[in-house]
Amino acid sequence: MLTPKGLRPLLVVVAAVMLPATVSCASGGQAPDAATSAAPVAASDGRGIPIVALDARAVAAWTTVNDPVMGGESTATVGYGDGGMVFAGTVSLENNGGFASARSPRDTGIGQRATGATTLRVDAVGDGKTYLVKAYLGGERWSYIQRFRTEAGVRKAYELPVEDFEPVGERMKPAPDAPRTLDPARIDQVALYILDGQQGPFTLTVSAIDAVT
């Protein structure tokens, strides 16, 4: 059996072996939890840049604009759930209605983050219906739209090439005076629409809207 006097050299050796690991962590390394919490927000696959935040606080600032503004009876809500923004409601064709939309707040930072993008990517779980992304440009009479058809109950990344966005004016009518191609750097608001006579309930859960270069 070792005596207290005999233990002293052994403790010194153990401390010497353990010391470098402790110093390494303090001088440059980080514990896994600290590294995770400090990491910046990134796109789901690392290739894209999120142009809008879709956490609970950010989603609370989104608004809905539906056809009751024109006399229709469609309804819609936006809320946070299942890791993203849930855009849901019912489209009615009564009284010449037929659309519902969810819109982000105005933010010039959207364009800054989207600068140089060749594609806008929507990561979402849909219901088999077709939705539309609308990109607004501050101060312009026109905006740009592109549709994507969802696969019911399946999370997918829907790639929307910038060159395929179409310029439109009021009530989605063609805007011949607008530049043919969307300039992502000028986007200051994005919206999601359901229209095209798709009456009945709908649900779209969007976990990310990214700019891909």
Side-chain angles (χ1 to χ4, degrees), residues 41-54 58-59 61-70 72 74 76 78 84-85 87 91 96-124 126 129-151 156-198 202 204 206-213:
V41 176
S44 56
D45 67 357
R47 293 187 300 110
I49 299 174
I51 61 173
V52 291
L54 291 175
V59 168
W62 282 61
T63 57
T64 59
V65 178
N66 309 317
D67 59 25
V69 299
M70 301 165 57
S74 298
V78 287
M85 182 184 70
F87 172 41
V91 172
N96 297 316
F99 80 87
S101 70
R103 303 184 184 187
S104 75
R106 292 276 183 180
D107 177 13
T108 55
I110 295 175
Q112 294 172 3
R113 292 184 286 273
T115 298
T118 59
T119 298
L120 296 186
R121 182 177 60 207
V122 180
D123 192 348
K129 295 189 174 183
T130 297
Y131 293 84
L132 176 150
V133 171
K134 190 174 188 179
Y136 293 87
L137 281 58
E140 297 293 358
R141 303 186 308 277
W142 50 76
S143 52
Y144 291 79
I145 64 171
Q146 188 171 162
R147 290 169 171 80
F148 63 99
R149 183 172 182 82
T150 63
E151 186 173 344
K156 292 185 64 175
Y158 297 94
E159 306 274 349
L160 310 180
V162 167
E163 64 181 5
D164 290 343
F165 276 81
E166 302 174 6
V168 295
E170 187 178 359
R171 300 190 179 185
M172 305 286 187
K173 294 180 179 179
D177 295 335
R180 171 64 187 87
T181 304
L182 166 65
D183 179 1
R186 298 192 59 199
I187 301 173
D188 73 345
Q189 185 180 35
V190 293
L192 295 165
Y193 275 77
I194 181 168
L195 63 171
D196 301 322
Q198 300 178 100
F202 67 89
L204 180 70
V206 181
S207 55
I209 302 176
D210 298 340
V212 181
T213 56

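Since this is a predicted model, take the numbers as computed values, not measurements. Hydrogens, waters and symmetry mates play no part in the numbers below; they use all other heavy atoms, side chains included.
Distance check: L204 CG to M85 CE gives 7.0 Å after rounding to the nearest 0.5 Å. Here I49 contributes atom CD1 and T115 contributes atom OG1; the two are 9.0 Å apart, rounded to the nearest 0.5 Å. In this structure, CG in L160 is found 11.5 Å from CD1 in I145, a value given to the nearest 0.5 Å. Between S143 atom OG and L137 atom CG the span is 8.0 Å, to the nearest 0.5 Å.
Within a 6.0 Å radius of CZ in R106, more than 12 heavy atoms belonging to other residues, nucleotides or ligands are found.
The shortest heavy-atom contact between A117 and P184 is O-CG, 3.7 Å. Smallest separation of non-hydrogen atoms from R103 and A191: CG-CB, 3.7 Å. Across I110 and I51, no two heavy atoms sit closer than the pair CG1-O, 3.5 Å. When all heavy atoms of A211 and A114 are compared, the pair lying nearest together is CB-CA, 3.8 Å. Considering every non-hydrogen atom in both V168 and A175, the closest pair reads C-CB, 3.6 Å. The nearest pair of heavy atoms linking V162 to T119 is CG2-N, 3.7 Å.
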- Criterion side chain to side chain donor-acceptor pair (under 3.5 Å) on D67 and S74, from CA distance to verdict: CA-CA 6 Å; D67 59 25; S74 298; 2.5 Å; yes
- Message: One pair to check against side-chain contact (heavy atoms from CB on, under 4.5 Å): V190 and Y136. What are the steps and the verdict?
- Response: CA-CA 6 Å; V190 293; Y136 293 87; over 6 Å; no
- Let me see the working for D196 and R147 under salt bridge (charged side-chain N to carboxylate O under 4.0 Å, His left out), right down to the final yes or no. CA-CA 10 Å; D196 301 322; R147 290 169 171 80; 2.9 Å; yes
- Task: In sequence, state the C-alpha distance, the side-chain angles, and the governing distance for F99 and M70, and then conclude on side-chain contact (heavy atoms from CB on, under 4.5 Å).
- Result: CA-CA 10 Å; F99 80 87; M70 301 165 57; 3.7 Å; yes
- Can you list the steps and then say if F148 with Y131 is a side-chain contact (heavy atoms from CB on, under 4.5 Å)? CA-CA 6 Å; F148 63 99; Y131 293 84; 3.8 Å; yes
- Message: The test is side-chain contact (heavy atoms from CB on, under 4.5 Å); show your working for V133 and Y158 and say whether it passes.
- Response: CA-CA 11 Å; V133 171; Y158 297 94; over 6 Å; no
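When atom types are taken as modelled, the side chain of Q189 and the backbone of S104 share a donor-acceptor pair closer than 3.5 angstrom. Side chain of T150 to backbone of K129: a donor-acceptor contact under 3.5 angstrom is found. Looking only at distances, no side-chain donor or acceptor of T63 sits under 3.5 Å from a matching main-chain atom of A102. One N or O on the side chain of S101 and one on the backbone of V65 form a donor-acceptor pair closer than 3.5 Å. Side chain of Q198 to main chain of T130: a donor-acceptor pair is present (N/O by atom type, distance under 3.5 Å, no hydrogens or angles). Formation of a donor-acceptor pair under 3.5 Å by the D210 side chain with backbone atoms of R121 is not found in this model.
A salt bridge does not link R141 to E170: none of the charged nitrogens lies less than 4.0 Å from a carboxylate oxygen. Taking a cutoff of 4.0 Å between a charged side-chain nitrogen and a carboxylate oxygen, R113 and D107 qualify as a salt bridge. Using a cut-off of 4.0 Å between Lys/Arg side-chain N and Asp/Glu carboxylate O, K156 and D123 are scored as not salt-bridged.
When side chains are defined from C-beta on, W62 does not count as touching F87, because their heavy atoms never get closer than 4.5 Å. The shortest distance between side-chain heavy atoms of L132 and L192 does not fall below 4.5 Å. The side-chain heavy atoms of E140 and R186, taken from C-beta on, include a pair separated by under 4.5 Å.
In this view, D183 satisfies the salt bridge (Lys or Arg N to Asp or Glu O under 4.0 Å) rule with no residue, not counting sequence neighbours.
For Y144 and F165, the gap between ring centers reaches or exceeds 6.0 Å.
For the residue pair D188 / T108, no side-chain donor-acceptor distance below 3.5 Å is found, with atom types taken as modelled.
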